2 protein chains.
Amino acid sequence: MNRLAVHDERLPLYQRLRDDLLRRIADGEWGPGDAIPTEAELNQGYGMATGTVRKAIDMLVAEGVLTRSQGKGTYVRRPDFTSSLFRFFRFKTKSGEAVQPTGRVLGRSVRKPPVEVRQALGLDESEPEAIFLSRLRLIDDQPVLAEDIWLPRARFEPLVELKLKDFGDLLYPLYESVCKQLVASARERLTVEVAGKALVERLGIEAGSPVIAVQRVAFNFAGAPIEWRCTRGSAAGFQYEVDIR
Amino acid sequence: MNRLAVHDERLPLYQRLRDDLLRRIADGEWGPGDAIPTEAELNQGYGMATGTVRKAIDMLVAEGVLTRSQGKGTYVRRPDFTSSLFRFFRFKTKSGEAVQPTGRVLGRSVRKPPVEVRQALGLDESEPEAIFLSRLRLIDDQPVLAEDIWLPRARFEPLVELKLKDFGDLLYPLYESVCKQLVASARERLTVEVAGKALVERLGIEAGSPVIAVQRVAFNFAGAPIEWRCTRGSAAGFQYEVDIR
DNA sequence: CAGTGGTCTAGACCACATG
DNA sequence: ATGTGGTCTAGACCACTGT
């Protein structure tokens with residue numbers, strides 16, 4: 001018989017169950033790709049009706065934390081970031097096929113981040129320094145995006161000594177395998193800038209041309225911020241679509 | 001005893017009920033602000049269990065078609081467009097308060113629209129001409145946005161003769177009162193351009209500076225496109241935020 | 001107070017996936 | 001054949017709204 005952890009008694013049962021399941025995921029009881037207990041097990045374990053359990057799971061599915069497969073089970077979702085704003089840069093190879101850019105870390109340092117980053121990452125006086133990465137994203141070996149990344153040192157200590165060439169194409173799998181840091185969600189902010197000297201050099205675009213800047217803060221399952229990054233690329237060909245009601 | 005209109009028997013009951021309710025809304029049986037029948041009435045009228053009716057209503061609420069008020073009833077939502085991309089132009093008056101721009105129609109003509117617009121509005125050979133509006137949005141009498149608008153003539157005939165000064169600040173209420181055309185949803189596409197001569201004149205911005213272009217197609221409750229518009233404004237200060245998982 | 005939507009129960013049966 | 005999630009029933013009781 002499972003028991004709900006401390007919760008506000010005034011909240012609906014399904015809400016409390018949703019919170020409890022999310023807590024167990026954040027605690028690492030089930031990781032991405034794992035199946036959570038079946039609905040029948042949750043019914044009996046928590047002593048609730050099927051409809052109540054389903055509603056709690058519905059919420060977590062709607063939030064993108066879980067996915068259901070009829071006949072198989074309910075799984076903790078491994079977030080892919082195909083919904084990221086980057087996918088609206090419509091990158092193509094020379095031959096015209098759509099493609100994901102590769103990644104290359106150019107530089108790394110450990111120093112005090114700007115106030116904006118400190119606040120976004122929730123760093124206090126006890127943790128003055130963070131890891132800074134300068135990174136390029138390329139297609140056909142041509143740079144298309146420039147990234148500035150800040151990571152809290154306490155969580156990402158192993159990256160301080162890692163050789164730059166061992167960072168590989170994708171950072172989030174590296175965070176998981178080397179630092180046990182899982183990205184569960186993110187918030188992105190898009191603005192438009194004008195290409196300055198630094199960007200002209202890094203991306204080889206014209207000075208004064210419009211640039212899309214996407215600033216992202218990534219969070220783990222517990223809702224704590226674990227990464228700050230800003231990605232910049234030419235606004236030419238950028239296109240974002242949204243449905244409203 | 002109500003009956004579901006023709007529907008695919010293989011679809012779940014709640015799905016068929018949802019389709020039927022949406023059809024009745026599109027048919028004008030209930031307009032924006034009206035209450036739909038109570039859950040008990042729907043239970044009995046359609047001969048379904050409460051849970052099934054609730055699930056159908058849940059879907060329409062999630063889609064933004066209905067809103068629920070505990071103790072009062074369930075209502076057809078009057079869409080406001082506070083979720084439009086325009087809200088990310090952070091407009092302020094000279095005194096610094098956030099504000100909605102006013103509107104002014106500068107010109108109107110009836111002519112053949114470009115292919116892109118014809119396709120978006122689903123116009124065929126039987127309807128070669130459409131209404132074109134050129135419009136400015138202003139704050140403190142300073143132009144901040146320039147709009148090009150196309151309307152299918154068959155739906156908006158009364159606007160051909162309306163005096164320009166009688167168009168007023170907001171178009172959608174005008175569409176409803178004068179043309180009986182209700183906007184239920186829309187799709188917006190955001191791109192970045194560089195200010196050309198025409199826009200420099202209309203908005204008084206610098207040539208070559210970045211410009212946000214938002215192209216919108218608006219739909220009625222039946223899902224038919226009824227308006228095409230493209231709005232352009234300076235990219236300075238534009239900021240868009242999104243959560244991803 | 002009566003009427004509304006919100007929560008919750010305790011099942012039955014169906015559709016799909018896997019061995 | 002077994003176990004999973006998906007659909008649906010037929011209610012009971014609660015919380016909120018307006019008269």
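Note that these values count all heavy atoms, side chains included, but never hydrogens, waters or copies made by symmetry. None of these values were measured; they are calculated from a predicted model.
- Residue Arg104(B) qualifies as open at atom CZ: its count of foreign heavy atoms under 6.0 Å is 12 or below.
- Between Glu63(B) and Arg18(B) there is a salt bridge, since at least one side-chain N of the basic residue sits less than 4.0 Å from a carboxylate O of the acidic one.
- Of the residues in residues 62-76 of chain B, those lying under 4.0 Å from DNA chain D by heavy-atom distance are Gln70(B), Gly71(B), Lys72(B).
- Using the six-membered ring where Trp is involved, Tyr240(A) and Tyr240(B) have ring planes that are tilted, between 30° and 60° apart.
- For the pair Glu39(B) and Arg68(B), the salt-bridge criterion is met [side-chain N within less than 4.0 Å of a carboxylate O].
- Protein chain B touches strand DNA chain D; the 5'-most and 3'-most nucleotides with an atom under 4.0 angstrom of its non-hydrogen atoms are dT7(D) to dG18(D).
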Practice item. Go through the steps for Leu171(B) and Arg135(B) under the test side-chain contact (heavy atoms from CB on, under 4.5 Å), then give the verdict. Key: CA-CA 10 Å; Leu171(B) 290 185; Arg135(B) 187 163 177 253; 3.7 Å; yes
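- Mapping Thr50(B) and Lys55(B) onto DNA chain D by nearest heavy atom places Lys55(B) at the nucleotide closer to the 5' end.
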Practice item. Dump the intermediate steps for side-chain hydrogen bond (donor to acceptor under 3.5 Å, both in side chains) on Tyr172(A) and Gln181(A), then the final yes or no. Key: CA-CA 8 Å; Tyr172(A) 288 178; Gln181(A) 297 296 319; over 6 Å; no
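- At a threshold of 4.0 Å, the pair Lys180(B)-Glu176(B) does not count as salt-bridged, since none of the basic side-chain nitrogens sits closer than that to a carboxylate oxygen.
- Enclosure of atom CD in Glu29(A) by more than 12 non-hydrogen atoms of other residues, nucleotides or ligands within 6.0 angstrom is indicated.
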